[in-house]
Structures are given as C-alpha cells and as structure tokens.
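Computation of the quantities below employed the complete heavy-atom set of this structure, encompassing side-chain atoms and omitting hydrogens, waters and symmetry-equivalent molecules. Bear in mind that the values here come from a model prediction, so they are computed numbers and not experimental data.
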Amino acid sequence: MHDAPSLQKRTAAGIRRGSHARRAAAWIALLAIAACSEQEVAAPVPTLVFTGFDAGAERSGRSVAPQDPGFAREDADEGQGDDPAETEQAKPEREARNAGSSSGDSEGLGDTADGKEPDDREDEELGDDEVILRDEPSEPKALSADHGGLADHSDLRAIPDGAHQQLDVLLSDGLPRLAATAIATTVYHKPHTISRRLGYLRLGAVVRREANPTPGSGCKGKWYRIQPTGYVCTEQATIDMSDPLVRASQVRPNLLKPLPYSYGFVRATAPQYLRVPTKAEQLKSEFKLEEHLQWYADNRAEVQRVSLGANDVPLADDGYARLGLRRPHEQRLSTQMSITELLGGSSPEGQIPFWLDGSRKIPNVSGFEVPEYAVFADRVRRKTGLSFIDAFMTESEDIRRRFAVTVDMRLIPATKVKPDTGSPFHGVEIGGSVQLPFAFVNQRGVKTWKLLKGRDEASEDVDVPRRAVVPLSGKARFKAGKRFYQMARDRKRWLRADQVGMVAPPQQWPAEADQGERWIDVSLVQQTLVLYEGRNAKYATLVSTGRDRLGDPETSLATPRGTFRLQSKHIAAAMDSEENSSVSGGSRGGSRVHLGAEAKATVARLLAAEKAGTALSDQDKRRLLNIKKGRHPEYGVTMRRGSGDFELRDVPWIQYFAAGYALHGAYWHDVFGIPRSHGCINLAPIDARIVFNWTSPAVPDGWHGMNVSDDFGQGTLVVIRE
C-alpha cells in the first residue's frame, strides 16, 4: 500500500497531465487523500462516499411519483384545497433532495434561499491585493434565556439538594424500576407538581427508583424518586413492569443510530387507527380506498422507493464516520429492506403485536380524546413527517394491507406513507491532514478557477464534487467582483467564495475558549458549524440556518446572532412547519410568518386591545391566540386550517439555545450548506447526533429530554455570528 505523500504526488501529477475525465477522477482521489491520509481506505457502502463528497448523489434524478386518485378530494375533505402544481412542489420527499437547488416553498420544506453569499462590502475595493483568510467577526445580539417550565416555589417542603447529588450511590442496579405510561412523563425537582421540571421520560421508558414512595402533593398516585435525580408521579407512570402498556411500548429510540426511529412522510391524508380496522371500517374511513389501493399496486415500486440514508453509513463507536470503516456484516442496507422493515417492522412481513391481536388491549395515549369504542383517533395530513416503532401485514376479507405503528401507538396505513432514510451527509474531524482553513463545496457544478495575472478576470478550470473538503492556503483575492480562496496544495487554483462554506478560525474568540471550555461556533455567512475545545477545532460540518441569513430574527426567518448556552436537550420531539415545538421553552420573538399590511394592522390592534384590557369577540380571541402561537391571525378564521401547515414528528437530537431556536437534526432535506430553516440550525442526522453527544450536560440514561439547570451543570456555549 502506498503512503499518503506518495499518492498525493502521483495523483497531483495525474491532474496536470491527464484528460479532462481523468483529471476529474484524479482530483477526487486527491481530495480523499487530503481529507484522510494515513488511513487504510476500505470499500465504502455502495453509492456513499465518506470524504465529504456528495453522499446524497443517489437522491438526484428522481422521477415524479404518479398522482394518487385520492389526493385532491381527501385534502379537500380536510379543508386544505391545494392546487395540483402546489401539491407537487410540496412533496415531503422534496425535490430539494434532487439537485440541492432552491425551489421556493412557503411551508418550510423547500429550498427558498439562493445560496449566494452576501456582498463583501468594503473588501471588494481591494482588487488583486491578497488578504489573510479568517472568518468574519460576529456582531452579538443578546437574547434573554427562557428556560420554560414551572418556577420553584419558596413554600415547598425543603429537601436538601445535596441528597440529589448522592442519588447515583443511593440507587443501585438492584433497586426496583419505574416505567413511563404517558407520551411525556414529567420529572420534577421535588415531589410537588408546582416544582421545577427537570425533564421527562418517553412512553415505555424504564428507570431505577427508590423502593419506597416519598410524601408530596399534587399527585393522585404516589411519588417516587428516580435515578439520577428528581421525582415522578405514578399518574403518569407505573411500578408494574408487566403492565400491558409498558410491554407494548418497549421499543425505545435507538440512541446508537443517527435516526433514532423509522421515519416516513404521509402522501395522502390518512386516518390514525386505534385498532386493526376491518374492510368495512377502512372503506368508511378512507375516501376512494379501492381506487387508491389499485393505484398503489400499480405504482408501489416508485412511490415507496428509498435511497441509502443516515443509518446506512458505518460509524465508529464514538458516532463518527471515518474512512476505512465497514458496516457490520449483519446490518442490512435500507435499499435491501422491505417496506415493513423500513417502517419499523422486525421482519419482512411483521407480526400483529399482542396488544392489537383481536382487540386493542391498551388505552389511547395519543392525547386526542375519543370514546373507547372509536376506530381511529384523528387524521394525519399530507406532508406530515411521522416516526414509527413497528409495522405488520394484516388482511380483512380481500384487503391485504400493511399498517405502521407510530410512537404514540396509533396505526397508519402504509400505502399512504413514503419511508424516509434521511441524508447520509456528515462533516469531518479536524486533525492530522485536515487543518483549518478548508472549505466544503456546498453545491453542484462547481469548478476550480485560475486567476489571470494582470487582468481583472478568472477562468474556469476542473470540476470539483459537491461536498468535497478542500484544504485552503489562508489567502483570498478579488477578481471580477468575486472573492476567491486559494487552494493549499495547488496554489494556482482557486475556489469561488460563494460556492463553498469556508471553515477558518474566528476573528474574535469567546473568553471561554481561553479557559479550555468546549463550545460551538456557527457562521451564518459560511453556513458552517465547528466544535471547539478551547481554541482547538475538533469537528466541522455544513448546516442550514434561517433562510433570511443575516436578517433581523424579530421580523424575518433568520437565526439570532449572539452568545448563548444550551437551555434544554431532547432526543426527539415534534415540530410544526415553522419549527415551533411544545418543548421549546418559550416562544420566539417577532412574527414567524410573512404578514401583509392588513394582517400587521390586525396584530397591532389586537395586541393593543389585550394590553388595554378591551373585551374581544370570539373571532378576535381566536386571532389573538394565533398571534401568540406564531401563526397568521386569520388562520382558522378566514384562512383554511391546514393551509401551509404540517407537523414533523420526532425531529431528532434537539438542543435549544434560545426561546424557540435550536440545533437539531433534519431528516426531510439534504441541502446542508444553504440557508432554508425558519431560524433553527438544521444538521444532517449523523452530525446532529455527534453534536448532541458532544455537548453538556448529557441527558440522563432512560430520560427523553431535560431542562438544563444547576442539577446537571452548565449548558455548552453556542456562538452564532456572521
């Protein structure tokens, strides 16, 4: 095997001498060597490349799925009424995954940014003068931290805080267990429901507890102290491990994978069944079902085809993707799985779980109240992202059909769901041959450039793959009104700044860096995120921040700039189309939707009326509630419900750093490096898990989410700058 320097020399020579095709191939090889020298390169998973190249290439060139005959009418039944053209643009599998292009979309799943870097301002006057390449300084804009939850009351019965710190010792593995029986079982600081909320357990989670209950108030059941700290009320939990609900919900989020659940998008409005429905019940509940099933039989191979995704990438034990890693022999690729397995089933056909065999044997825990005899609880709209824990095939008369089980124990017809595997993209570890500065190529069709000496011109050279990692020399020049970065290994070649995300040391360091603290650096201009320990960069990747990039977050879809600390962490939680979530710890400032003059006047009128204590009509009360939820004031009043609105369930690896703003994984797009969110910082699932596990504090074992507090230690610093 050749050593890396020898390979670099030979490959560089190939670039200089070869044909255009050979030069392009040699260029890719050189980048791979530069990114990961001194490591043996094993054959990667088919179509996946692990050097920062375009790992999502297989997602390009998808054909448009044929039209399901049930689409239009079913949406009309739900009050959506989308026109056909709008429907095709809004498909949740997203044409954005195709070329990474910007194809406007009002719902937050499309690429609306043009991907261009803002003007370089005064730097453009430098002409041919070289400037040292460092990233732009930040302009901090402070936001108040809102941790959410209930405040601790001074009149509560005193419990020594020191006792909480000793709980790991007090609760040994031999002690009994407690299981969550609600979708979110609250963990309180003290055994009182008005106490501060430390976090929560997801349905079915099992944790260690003290043997005897603790006196408290506000709980109709009993209070138990759990590991490592806090108290749980048995109104939302049980100490009976044989409880049918505990047994039914034993599939937990897989914390070892970038996507902790199986995911899919709803293609057509579907009922959420509470039990396995009969043929008659399905025909009654679903519009044009027989026509839909025939359409599905004809088009199944196309509409449920998947690409290799996040969980197909071989990872080391620490969660990082590195060259030379091979997937375990027993691990099957997403493209080898059946639809049942892609939706959470344990085998190609699956098996009806015990709690659905004959009749439903567990209560409805979805939060949508229905009588016990109800067949289904609510419908789910088209474009909704769902998470699944199981799937199985069933048959009623002549209808043979799969059903997928959601995390809240409802059934979705699999014929109306397209499985989703998330983006396989990931960033790079920094060290060895990968040092700052370097650049990620963030779009397709990028070439290197040669700057013409003595002329204000640049000429295109060889192709560079999307997401290639390119070492830079640290110098920049301006030609023909564009900024160019010089490559480190061939200084006659340059990259255009508006086609890459550059990773370089910041001009201003936070004080915490000099104290050796871990912190996160996010550049809105470069669309990059870097993990630092002190002043040492450890990992870098591309992100997608607010689509208005450097706009005012109070009035636009921009990510706030400033210095923050993590406020809460969640393994997975639901978000709506504007990235709002019930676990956000507070509402965002300003309007999160684009409002016309009339709507703005309505907002001003109602806020003034509320402040003055003026009585409001029922419709104005609904408008005011919409405003407080970040919606258009006319939503559900004069504007159809569901218009431009959908839900993304179990968005993974959420970390809130300000009220309503979070770092989180995004399974619904693959355009990282281009601004496109409503203000949150989107990461590819592999990167989101790496960042989640890297930050402090860690979510306690068995918990699903936590509020950062003195009980767990200080949250990791997040610096967001230009």
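The shortest distance between side-chain heavy atoms of Lys569 and Ile654 does not fall below 4.5 Å. With contacts defined as side-chain heavy-atom distances shorter than 4.5 Å, the pair Lys447/Val464 does not qualify. With a 4.5 Å cut-off on side-chain heavy atoms, Asp711 and Leu198 count as touching. The shortest side-chain heavy-atom distance between His664 and Met575 falls under the 4.5 Å cut-off. Leu663 places a side-chain heavy atom less than 4.5 Å from the side chain of Leu683. No side-chain heavy atom of Gln304 sits under 4.5 Å from any side-chain heavy atom of Leu342. Between Ser677 and Val543, every side-chain heavy-atom pair lies at or beyond the 4.5 Å cut-off. The shortest side-chain heavy-atom distance between Val446 and Asp463 does not fall under the 4.5 Å cut-off.
Using a 4.0 Å cut-off between a side-chain N of Lys or Arg and a carboxylate O of Asp or Glu, Glu517 and Arg565 qualify as a salt bridge. The pair Arg721-Asp521 meets the salt-bridge criterion, since a charged nitrogen lies less than 4.0 angstrom from a carboxylate oxygen. Here Arg518 does not pair with Glu512 in a salt bridge; the nearest charged N to carboxylate O distance is not below 4.0 Å. Salt bridge Arg327/Asp312: absent, no basic N to carboxylate O contact under 4.0 Å. Residues Lys538 and Glu429 are not paired through a salt bridge, judged by the lack of any N-O separation under 4.0 Å between the basic side chain and the carboxylate.
A donor-acceptor contact shorter than 3.5 Å links the side chain of Gln443 to the backbone of Asp498. Panel note: side chain Asn707, backbone Gly199; no donor-acceptor pair is recorded below 3.5 Å. In this structure a side-chain-to-backbone donor-acceptor pair under 3.5 Å is present from Thr716 to Ser696. A donor-acceptor contact shorter than 3.5 Å links the side chain of Arg547 to the backbone of Arg676. Within the 3.5 Å criterion, the main-chain N or O of Ala439 finds no donor-acceptor partner in the side chain of Tyr485. Using modelled atom types, one side-chain atom of Thr559 and one backbone atom of Gly679 make a donor-acceptor pair closer than 3.5 Å. Looking only at distances, a side-chain donor or acceptor of Trp653 sits under 3.5 Å from a matching main-chain atom of Pro258.
Residues Ala666 and Pro685 share a closest heavy-atom pair of O-CD, 3.7 Å. The minimum heavy-atom distance linking Met706 with Pro700 is given by the pair SD-CD, 3.9 Å. The nearest pair of heavy atoms linking Gly665 to Val651 is O-CG1, 3.2 Å. Nearest heavy-atom pair, Ser556 versus Asp548, reported as atom, atom and distance to 0.1 Å: CB-OD2, 3.3 Å. When all heavy atoms are compared, the tightest approach of Arg202 to Ala572 is NH2-O, 3.4 Å. Summarising the geometry of Leu542 relative to Phe672, their closest heavy-atom pair is CD1-O, 3.7 Å, with the distance given to 0.1 Å.
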- Query: Is there a side chain to side chain contact (heavy atoms under 4.5 Å, CB included) between Arg496 and Arg483 once you walk through the steps?
  - Reply: CA-CA 6 Å; Arg496 244 176 59 179; Arg483 175 187 283 178; over 6 Å; no
- Message: Checking Trp519 against Phe564 for the ring pair (Phe, Tyr, Trp, His ring centres under 6.0 Å) test, could you report, in this order, the C-alpha distance in whole Å, the side-chain angles of both residues, the deciding distance, and whether it holds?
- Response: CA-CA 10 Å; Trp519 60 287; Phe564 311 90; over 10 Å; no
- Task: Evaluate the criterion side chain to side chain donor-acceptor pair (under 3.5 Å) for residue pair Asp650 and Tyr263; output intermediate values, then yes/no.
- Result: CA-CA 9 Å; Asp650 282 318; Tyr263 290 86; 5.7 Å; no
- Show your reasoning for whether side chain to side chain contact (heavy atoms under 4.5 Å, CB included) applies to Thr541 and Val428. CA-CA 6 Å; Thr541 191; Val428 294; over 6 Å; no
- Query: Can you check salt bridge (charged side-chain N to carboxylate O under 4.0 Å, His left out) on Glu647 and Lys383, steps first, answer last?
  - Reply: CA-CA 8 Å; Glu647 182 183 12; Lys383 299 181 290 186; over 6 Å; no
- Given side chain to side chain contact (heavy atoms under 4.5 Å, CB included), test Val266 with Arg381 step by step and report yes or no. CA-CA 7 Å; Val266 178; Arg381 293 188 178 95; over 6 Å; no
- With side chain to side chain contact (heavy atoms under 4.5 Å, CB included) as the test, would you mind laying out the steps for Leu566 and Tyr656 before giving the verdict? CA-CA 6 Å; Leu566 295 183; Tyr656 280 96; over 6 Å; no
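Checked against side-chain contact (heavy atoms from CB on, under 4.5 Å), Asn254 has the following partners two or more places apart in sequence or in another chain: Leu256, Lys257. Scored by the ring-ring contact (aromatic ring centres under 6.0 Å, His included) test, Phe438 finds Phe440 as partners (sequence neighbours excluded). Taking Ala404 as the reference, Leu343, Phe388, Ala391 meet the side-chain contact (heavy atoms from CB on, under 4.5 Å) condition, with sequence neighbours excluded.
Between Gln655 and Ser568, the side chains place no donor N or O within less than 3.5 Å of an acceptor N or O (distance only, hydrogens not considered). Between Asp670 and Ser423, the side chains place a donor N or O and an acceptor N or O closer than 3.5 Å (distance only, hydrogens not considered). Using modelled atom types and a 3.5 Å distance limit, the side chains of Asp408 and Thr406 yield a donor-acceptor pair. Looking only at atom types and distance, the side chain of His426 has no donor-acceptor partner in the side chain of Tyr320 under 3.5 Å away.
Taken to the nearest 0.5 Å, the CG atom of Leu308 stands 8.5 Å off from the CD atom of Gln336. Atom CG of Leu315 sits about 9.5 Å away from atom CZ of Arg322, to the nearest 0.5 Å. Interatomic distance, Ile686 CD1 to Leu259 CG, rounded to the nearest 0.5 Å: 8.5 Å. Between the OG atom of Ser544 and the NE2 atom of His669 there is a distance of 4.0 Å, given to the nearest 0.5 Å. Within the model, atoms CD1 of Ile183 and CG of Leu203 stand 4.5 Å from one another, a figure rounded to the nearest 0.5 Å. For the atom pair OG1 of Thr421 and CE of Met337, the computed distance is 10.0 Å after rounding to the nearest 0.5 Å.
For Tyr532 and Trp509, the gap between ring centers is short of 6.0 Å.
Between Tyr200 and His704, the ring planes lie tilted relative to each other; the angle falls in the 30° to 60° range. The aromatic rings of Phe265 and Tyr667 sit tilted, their planes meeting at an angle between 30° and 60°.
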